Amino acid sequence: MTSTSDPTLDRTAHLTRDLIRFDTSNYGDGKSNGETEAAHYVEAELQALGLKPQLFDAAPGRTSVVARVEGANPDAPALVVHGHLDVVPAIADDWSVDPFGGEIRDGMIWGRGAVDMKNMDAMILSSLGEILGSGRQPARDLVIAFFADEEAGGVLGSHFMVDEHPEVFEGATEAISEVGGYSIDLQGQRAYLVQTGEKALIWIKLIARGRAGHGSQINSENAITRLAGAVARIGSQEWPVKLTMTTRQLLDRVAGILGQDPKQVSAEELAIATGTASRFISATLRATTNPTMLDAGYKVNVIPDLAEARMDVRVLPGDEVEVMARIRELAGPDVEVVVMHQDIGLETPFEGALVEQMIASLGRFDPGAEVLPYLLSAGTDNKALSMLGIKGYGFAPLQLPADLDFPALFHGVDERVPLDALVFGTDVLTDLLLGY
Ligand SMILES: [Zn+2]
């Protein structure tokens, strides 16, 4: 399948819409609609550009696509430009449009994946089309990768590729991908946030055991009571604020732009002053421990002997041991804490030739804008690539309207992206790939 033609839509918008129409929902725990159809679509697009994409299945239906593009300077280390093809599920009843329809309304494309991250997948394909289609070459070799399974931690996507097929990343030292490069509004000053680090993630299960029995009897070993206590204690824990190299740098620059003295204003106040971006930034000032799933019982008058909860724990890079020790303490002696999935945190200094090129490319299309580093409260496939020594950044450039609550759209209802932001992003990305 190639893009359906609609003369009013530009190339990136076409690609984004087509990709949204593949329902690649990833439900976690190995349950997924799969990425194979979307992968074949991407494969055809890459082949049409004269590239030789390879497909890799970590499991049936779980397909990742990788292609190499030869750069003008074969001696420069390769750059990985990657996206993921899966999306989180969407409950259609909650949406004002079909989440897999790719509808265009109010100058935006709506649908699951519009910002996370079929937009960037499309921008990558479109930029390559711009460059190769006009007979040019990127400055250095590119490893173009579209991974499966990012939304479940990348076990069947980026981690599988890094573990089983590291040769495809041969010679690569840096990577760019999602959740960075978008603009925020700081009291009238536009600023772009480049993601230079990620918190570590630890997905845990709490297991409370107790004595089963009749719901009418006294039971001091009720598994649900034990679990609920632990969930409430951990979920409402106020973790201390701790600034990393990146958050310190970000907040100092934010203070400068807002004309505030960072010694007079708390880190939390400065984070809130970033407006909608504070959803991301406030969560990078401390650990977070959010209960997300509960499972217990089968009948109102029966006390079960087991109750379980899941939590999404995100900690600053390096704080894993300390936070997990405190979680076990808060859980108490009757509740077992099991780590289901864990992945590392990352932090890279905001400097070097690639960062300078990002600033230059953004500046070319938005003169006068500020470019700031930030730490991501969530994680990306850059975690897996870091295992190969590849330094990853979030750089999916988008110039956004000041009043759009962009961070809320990630995994949110009515996910959507402005059409002109896709044009901007493709231009900036093309400039970066030609210049770096
Ligand atoms: Zn994503």
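Here the structure is a predicted model, which means the values were calculated and not measured. We count ligands from 1, going down the list as the structure has it; atoms in each ligand are counted the same way.
You'll find the ring centres of Phe410 and Phe280 inside the 6.0 Å limit.
For residue Glu150, no N/O/S atom approaches the Zn ion (ligand 1) to within less than 2.8 Å.
Annotation: cation-pi geometry not satisfied between Arg286 and Trp239 (NZ/CZ under 6.0 angstrom from ring centroid, within 45° of ring axis). Judged by a 6.0 Å distance limit and a 45° cone about the ring axis, Arg112 is not positioned over the six-membered ring of Phe100.
Considering Gln137, Arg136, Gln357 in turn, Arg136 is the only one that fulfils the side chain to side chain contact (heavy atoms under 4.5 Å, CB included) rule with Leu434.
Counting just the N/O/S atoms of Asp116, the one with the shortest distance to the Zn ion (ligand 1) is named OD1. Summary: OE1 is the N/O/S atom of Glu178 found nearest to the Zn ion (ligand 1).
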